[in-house]
Amino acid sequence: MYSGAAAVAAAGSPRRDFISVTLGPEETVGVGGYNNSKAWRRRSCWRKWKQLSRLQRSIILFLFAFLAVCGVISYTSMGETWKSITNKSLDDQRTEQEIPRLKLANPALLPAPQKADASHGDYAELSLQKPPKPPHVRRGPSNLQIKAPWRDTRLKTRHDTMRAVEELVEADKVEKTEKSIISWRGAVIEPDQSTEPPSNKITEPEKPSSVEAEDQKEPVPINERQLAVIEAFRHAWKGYKDFAWGHDELKPLSKSYSEWFGLGLTLIDALDTMWILGLKEEFEEARKWVANDLVFDKNVDVNLFESTIRILGGLLSTYHLSGDSLFLEKAKDIGNRLMPAFKTPSKIPYSDVNIGRGTAHPPRWTSDSTVAEVTSIQLEFRELSRLTGDEKFRKAVDEVMKHVHILSGKNDGLVPMFINTNSGQFTHLGVYTLGARADSYYEYLLKQWIQGGKKENELLEDYMRAIEGVKKHLLQRSEPKKLTFVGELAHGHFSAKMDHLVCFLPGTLALGAHNGLAADHMKLAETLIETCYQMYAQVETGLSPEIVHFNLHAQKGHKDVEIKPADRHNLLRPETVESLFYMYRFTGDKKYQDWGWEILQNFNRYTRVPTGGYTSINNVQNPSNPEPRDKMESFFLGETLKYMFLLFSDDIDLINLDKYVFNTEAHPLPIWVPA
Ligand code: DMJ
């Protein structure tokens, strides 16, 4: 550095051979030594410059000037180029940022999963950074091989997803004017019904289970028997669509309908069946009805249990399978409207609720509720709490279970059929059945325990104790075939009566054994499902009556199964097919599929109405005139045909029983901590 003490004497002399420089002390390095200081270099250059002739100096100056001009010109042109490069990269950035915006503007081109929270809210961002797993590729009809384009999305790759993003940008141009967008599975999702984060959440709400990781195994082809179920479903649906669309139940003979709650019960009950069967068009149409016509703000009394298992359960499972938030919104709506039922002195809910007025009441003739009804709404309300983060649903139903857990009046875990909404006590003591009015209490003990990740010990205790109670008090063997059956106990007297409803039990026992409970439960399941099958096989039409009485003593010419005239109707119920499904899943024994196939054929033979739909019948003992009742129950589509389809499938991932638990209306809900 200059020290500031240097003085240059150059001016005044036309020609100098040297410059005189006074150096500061630090710059004196020693004569003759290597000196590469800047000052020294400057002095040396100046000396050389002065040694040049005037001409030489002029040429050099000219060259410098020329180079300077060139420099200025090229700088200007490079600046242009740079500017355009810079702009391009900004444009690129903008395009990338716009994709999310476009996607948000059209939230449903890819199926819209429920946004669980702010972090999940920007679904679009997921698409750009790492391709999202589209909710639809996981479950539902994915494993089935109907030749339909949407099936191929099961094993969607990153490439596919990115292409979807490109298509999204393209779609934005053409669809700005369109109001609705077809999502996967054909569900039409209106932009204004797109996913919104649920408000007022207490805990972190959950995403639909369909958004979980997709397994990458090969799809299992659909087989002939499954196709026959699809055909049966379509036939039933045709009747409903032609004559009962939007109403509760089809009356297939009179080509009309009946109303129970006026809420399109059959349509809602059938939604997830259509999804599982891969019926895209039917699902799409039904979805439109739910979006545009399903209104719960109605001055109508509904039964708490029935509307919970069919409507709330149906909406929740369809939400999980499709990822379409419309169904969750509807589930929240009906869930909230059912809550007044719990405003009772005992917190044991009333049987009926007016979903428009927000009032609830017991049946006119009593202040009792049915035990099965108040203890078989838990899977649905607990799941609603998990999804919304609103604990009130779960608290209300858990309270019922806790109350029943400590209640006296049980007989070795078996419960009476009624409970009083004022006192909270069991009534009509001394009568025990696994049939009507008590059945699904036992089913939901086990299933809640499974749903909650097998942690709620009181539920398990009650379940295990009850099965011991069944073994001790209700099991008997018939003659001549020695079929094990579940009878009833009334004030100490055994009755050999068994409702078809009891045939849920083999499936439930098998499910418990699959989840690690006593191995003898599986043995019992095997003997009981044989009995349930015989309730069909020993009857003239090959269809079970509503109730049978078993012969306890061998009598010549008598079968095991006796049927009273008042009990010989068949309502297209699912319980035996349901249990056959569990038994086949857990054992792989093809006889269960064959038994189910026989039953399907007999439904086709005796209950199918040519113009569309299936009908309940009055007389399973008369093949030449089974006396059609002119009613197709919603559970035929919601349960019976669904379980048939699953029974005939060899794909354990088609509603994997380690990931889903079926509610009592066959609507699969996710297990919170899958095995
Ligand atoms: C359905 O509504 C349910 O399965 C319920 O648990 C019992 N009754 C019908 C089917 O039979």
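Both ligands and their constituent atoms are indexed starting at 1 by order of listing. Counting from 1, the numbers follow the sequence of the chain as shown.
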I'd like to know if R234 and E231 make a salt bridge, using a cut-off of under 4.0 Å between side-chain N and carboxylate O. no
Part of E639 within contact of ligand 1 (heavy atoms, under 4.0 Å): side chain
Any idea which atoms of ligand 1 are less than 4.0 Å away from a heavy-atom of I309? 2 (O)
Anything under 30° is parallel, anything over 60° is perpendicular, the rest tilted; go ahead and classify F485 against F494. tilted
Could you tell me the residue and atom name of the protein heavy atom closest to atom 6 (O) of ligand 1, and the distance to it rounded to 0.1 Å? T664 OG1, 2.7 Å
Quick one: does P574 get a heavy atom under 4.0 Å from ligand 1? yes
Taking everything shown except K454 itself, do over 12 heavy atoms lie less than 6.0 Å from its NZ? yes
Parallel, tilted or perpendicular: which one describes the rings of Y257 and H247, with boundaries at 30° and 60°? parallel
Mind telling me whether Y614 and F636 have parallel, tilted or perpendicular rings, with 30° and 60° as the class edges? tilted
Reported CD-to-CG distance for the pair E639 and N663, which is rounded to 0.5 angstrom: 7.5 Å
Students should be able to answer this: which protein heavy-atom is nearest to atom 2 (O) of ligand 1, and at what distance? E665 OE1, 2.6 Å
Pairing donors with acceptors under 3.5 angstrom, does anything connect the side chains of E380 and T308? no
Short list, please: which atoms of ligand 1 are under 4.0 Å from a heavy atom of F635? 1 (C), 2 (O), 9 (C), 10 (C)
With heavy atoms only and a cut-off of under 4.0 Å, state how L571 meets ligand 1: side chain, backbone, both or neither. neither
Using a 4.0 Å cut-off to any heavy atom of L501, which atoms of ligand 1 qualify? 7 (C), 8 (N), 11 (O)
Identity and separation of the nearest protein heavy atom to atom 10 (C) of ligand 1: E575 OE2, 3.2 Å
Closer than 4.0 angstrom: is that true for some heavy atom of R310 and an atom of ligand 1? yes
Inspect the contact between K402 and D398 and indicate whether a charged nitrogen and a carboxylate oxygen are less than 4.0 angstrom apart. no
Closest to atom 8 (N) of ligand 1 among protein heavy atoms sits R573 NH1, 3.5 Å
